[in-house]
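Notes follow the structure.
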Number of protein chains: 2
Amino acid sequence: MTGLLNELSAHGYKITPQRRIILQVLSESCRHLSVEEIGDKVKQIEPGISVATVYRNLNLLAEIGIVSRLDLHEGPARYELNQGHDHHLVCLGCGHAIKLGVCPMQGEIKKIIEESGFEVNSHHFEVTGYCQECQTRHRKP
Amino acid sequence: MTGLLNELSAHGYKITPQRRIILQVLSESCRHLSVEEIGDKVKQIEPGISVATVYRNLNLLAEIGIVSRLDLHEGPARYELNQGHDHHLVCLGCGHAIKLGVCPMQGEIKKIIEESGFEVNSHHFEVTGYCQECQTRHRKP
DNA sequence: CTCCTAAATAGTATCTATTATCAATTGCTA
DNA sequence: TAGCAATTGATAATAGATACTATTTAGGAG
Ligand SMILES: [Mn+2]
Ligand SMILES: [Mn+2]
Ligand SMILES: [Zn+2]
Ligand SMILES: [Zn+2]
């Protein structure tokens, strides 16, 4: 946690109570949270904090790499503490994003893209479907 | 073009002037268009058509597979006539989506996902960066 | 061909997610 | 500890898309 605060300082940003609390909430969660979820938890700790502040700081934290943003193809973006580059299996039933320990930007695909002359900035790979727990629930009807 | 109209009928949907024009616009374009762009072109042909109708019909056409929707990570969705499953190199400079002739959902990655017990519904792979034409423009400053 | 009805439409209101604005406050540094 | 840029809370504004509703229409039955 203090490491994260140092990271803020190192980038020239101030350590505010709001930022402490946002980082606390993120560090206490084991899954991706929407801004609304983060805001709710933040307000349980300190009710006066504005949702605008939550948005602002998540953008900032994502920019400097402290958090990573997960853009699903519908609904709001979700955030978690950055745990390095990864991709996810996103469950349409329960919404959980299961980490996939492998990245498609390597081997043959990487070579094809490089050879095309395109200058790669970033990439996204995301699989949607149903996790094992949700498969039973979903199969029935 | 008549093939596309038949497809609509075959699914039990009516062939309306609005739908004809939307399909005409899509078939005359060689790239992904936003709803706004499609709406503008549609209104050049028939000014009375509502933007709501454009949205409604693009959703419908996507649902029955006549068009494919491209969700970028920011900005509005973009559409084109469905040319089969594919992925894109999306240029941050000019916005063009260059088709990538290869899919990461195969080989080792596919196997890993299958073995995880996750039931795959769909997948997205998208690379962002700068196309060759835009690289020069972008490098300078 | 004409009639009928479910489907579709135009116009507009509403919604969700996010950013912009701005006056008031506050963390940091000298 | 004073000063000031950075940050904040409150709220307005925006973008993109969907919901609603009265009206029109495509296309099948007769
Ligand atoms: Mn990757
Ligand atoms: Mn694919
Ligand atoms: Zn699930
Ligand atoms: Zn380009």
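Sequence lines set the chain letters: A, B, ... in the order given, protein chains first and strands last, and positions in each chain run from 1.
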Query raised in the report: Looking at side-chain heavy atoms only, is the closest gap between Pro76(B) and Val35(B) below 4.5 Å?
Result: no
Report task. Nearest-nucleotide wise, let me know which of Ser9(B) and Arg69(B) is further upstream toward the 5' end of DNA chain D. Result -> Arg69(B)
Query raised in the report: Base, sugar-phosphate alone, or nothing: which one does Arg19(B) contact when heavy atoms must sit under 4.0 Å apart?
Result: sugar-phosphate
Query - Salt-bridge present (Glu37(B), Arg31(B); N to O < 4.0 Å) - result: yes
Query raised in the report: Given the side-chain rings of His123(B) and His85(B), with only the six-membered ring counted for Trp, is the space between their centroids under 6.0 Å?
Result: yes
**Report entry** First encountered from the 5' end of DNA chain C, between Tyr13(B) and Ala52(B)
**Finding:** Tyr13(B)
Query raised in the report: From the 5' end of DNA chain C to its 3' end, which nucleotides mark the outer limits of contact with chain B, defined by a 4.0 Å heavy-atom distance cut-off (strictly under)?
Result: dA6(C) to dT12(C)
Requested in this report: Using a 4.5 Å cut-off on heavy atoms from C-beta on, say whether the side chain of Tyr79(B) contacts that of Asn59(B).
Outcome: yes
**Report entry** Covered region of DNA chain D, 5' end to 3' end, by chain B [heavy atoms, under 4.0 Å]
**Finding:** dG16(D) to dG27(D)
Query raised in the report: Using a cut-off of 4.0 Å on non-hydrogen atoms, how would the nucleic acid contact of Gln18(B) be classed: base, sugar-phosphate, or nothing?
Result: sugar-phosphate
**Report entry** Lys/Arg N to Asp/Glu carboxylate O, Glu80(B) vs Lys99(B), below 4.0 Å
**Finding:** yes
**Report entry** Sub-4.5 Å side-chain heavy-atom contact between Phe125(B) and Cys103(B)
**Finding:** no
Query raised in the report: Pick the nucleotide of DNA chain D nearest each of Val35(B) and Ile15(B); which residue has the one closer to the 5' end?
Result: Val35(B)
Requested in this report: Would you mind classifying the nucleic acid contact of Pro47(B) as base, sugar-phosphate or nothing, using non-hydrogen atoms under 4.0 angstrom?
Outcome: nothing
Query - His32(A) ring center within less than 6.0 Å of His88(A) ring center - result: yes
Query - Min side-chain heavy-atom separation Asn82(A)-Val67(A) under 4.5 Å - result: no
